[in-house]
Protein chains: 2
Amino acid sequence: MLKKGVERKEVLRALGEVFRAHGYEGASLTLITEATGLGKGSLYHLFPGGKEQMATEVLADIDGWFELNIYAPLREASDPARGVAAMIAGVDQYFHSGDRVCLVGMVALGAARDTFATSVDDYFARWQVALASLLRRSGLSRSQAQRRAEDALLTIQGALVLARARNDAGIFRRALSDLTARLLAP
Amino acid sequence: MLKKGVERKEVLRALGEVFRAHGYEGASLTLITEATGLGKGSLYHLFPGGKEQMATEVLADIDGWFELNIYAPLREASDPARGVAAMIAGVDQYFHSGDRVCLVGMVALGAARDTFATSVDDYFARWQVALASLLRRSGLSRSQAQRRAEDALLTIQGALVLARARNDAGIFRRALSDLTARLLAP
DNA sequence: GGGACATTGTACCGATCGGTACAGAGAGTC
DNA sequence: GACTCTCTGTACCGATCGGTACAATGTCCC
């Protein structure tokens, strides 16, 4: 029997990796059953809403991780340099130094975007707001902070795409390093 | 009857839009027949290799467009500022100011990456080399030029992802504008 | 042990997938 | 008009798609 909270998290993690590897439409139930080790019966018992519910919960789970490990620390950091460094470290960890793809960005590019539009938008919007609030505290104007936060998100996404396209994780590493400097520039 | 060269280009363009809108795996033959106006008979007559050949040729077609409109001008430009401005203008035009997604980047993120790995890698590699060669002429060191070209490609890709995720073409516009300045900075 | 309820494996559903076979329409040549 | 040869619409293929039905099993409390 499932220990409700615990095991569902594990299932969501496996689901996330399947969606990451094959996209929303490419993640067939066969792949999903293999990745989770759960038969269709269990799967539809856990997620009566089918694939769409699975993806929704996976996105929510990702959002939760970022809220805890990225957004909240950004909001609460007192020292801008430390705050930025912590975010960069968290991002590097989450994306396995460029080996892992961003599921949210992937969904955004595909046909499934419309279905998950608000989740996708929220993910980036809240990140931008949290980062901009930190940058404001470092002395930037509101518009400067917003613009620079936007640049940060876009750099991370672009680095993930390019790193994967060229199969070169160094791209991601360099991008994060440059980004740190750019965010903290006067 | 097809006027060989001409009509095939049009078919490839339609195919490209279907792949862009639904991804490689999501682009079903039904969608493809609708978008191209061609029945399965014609489709498999034109592309005996099926979907894979279609995608391969679409990628080659895109590569051709960039070679002609972006890479070659970059290589041949004498004035760096003009060369960069021309590239940015071309990119803005090609991606419809952020409304259009990059098919190459999209393929790179999905499961189809392995199938088209060399096409995907070439697309970015040749772009980076062409841009870096221009930047070298503007006085940058080889490594600086390479690094800055990498930053340019990654910025464009990231801006496309973020613009689509947040449904805000302004992100793309701002990113291109900032990028121009960053590329030409001393 | 027995009843209640959560969980699961399996068989099955209609729809759609990518792809093939092929007869015949269409156009060019003589 | 008859002969090519290119092109295309249609019927069809087995496989797989996402999803459902349900009986069987497990787990718990009593």
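The nucleotide whose nearest atom lies closest to any side-chain atom of B/K51 is, among D/dT6, C/dG18, D/dG19, C/dG18. Here D/dT8 is the nucleotide among D/dT8, C/dG18, C/dA6 with the atom lying nearest to any side-chain atom of B/H45. The side chain of A/S42 lies closest to C/dG9 when the candidates are D/dG18, D/dA11, C/dG9. Of the candidate nucleotides D/dT20, C/dT20, C/dT8, C/dT20 has the atom lying nearest to any side-chain atom of B/Y44.
Taking atom NE2 on A/H22 and atom C1' on D/dT16, their separation rounds to 15 Å, with Å as the unit. The CD-P distance, from A/E34 to D/dT16, rounds to 11 Å in whole Å. The CZ-C1' distance, from B/R8 to D/dC7, rounds to 13 Å in whole Å. The nearest whole Å value for the distance from the NZ atom in B/K40 to the C1' atom in D/dT8 is 14 Å. In this structure, the CD atom of A/E7 is 10 Å from the P atom of C/dT7, given to the nearest Å. Rounded to whole Å, atom P of C/dG18 lies 9 Å from atom CE of B/M54. For the pair A/L43 CG and D/dA21 P, the interatomic distance rounds to 17 Å; values are reported in whole Å. Atom CD in A/Q53 sits roughly 11 Å away from atom P in D/dG19 (whole-Å rounding).
A salt bridge links A/R174 to A/D168: at least one charged side-chain nitrogen sits closer than 4.0 Å to a carboxylate oxygen. Using a 4.0 Å cut-off between charged side-chain N and carboxylate O, A/R166 and B/D122 make no salt bridge. A salt bridge links A/R126 and A/D63; the closest N-O separation between the charged side-chain nitrogens and carboxylate oxygens is under 4.0 Å. A salt bridge is absent between A/D99 and A/R164; no separation between the charged side-chain nitrogens and carboxylate oxygens falls under 4.0 Å. Salt-bridge check for B/E10 with B/R13: failed, with every basic side-chain N at 4.0 Å or more from each acidic carboxylate O.
The side chain of A/T30 places no N or O atom within less than 4.0 Å of a non-bridging phosphate oxygen (OP1 or OP2) of D/dT16.
With the nearest nucleotide of DNA chain D identified for both A/G41 and A/E25, A/E25 has the one nearer the 5' end.
Between the CG atom in B/L38 and the CG atom in B/L46 there is a gap of 6.5 Å [rounded to 0.5 Å].
Computed from C1' positions of five pairs at each end, the angle between the two local axes of the helix from C/dG1-D/dC30 to C/dC30-D/dG1 equals 0°, rounded to 10 degrees.
With hydrogens and angles ignored, the 3.5 Å screen pairs no side-chain donor or acceptor of A/R75 with any backbone N or O of A/A130.
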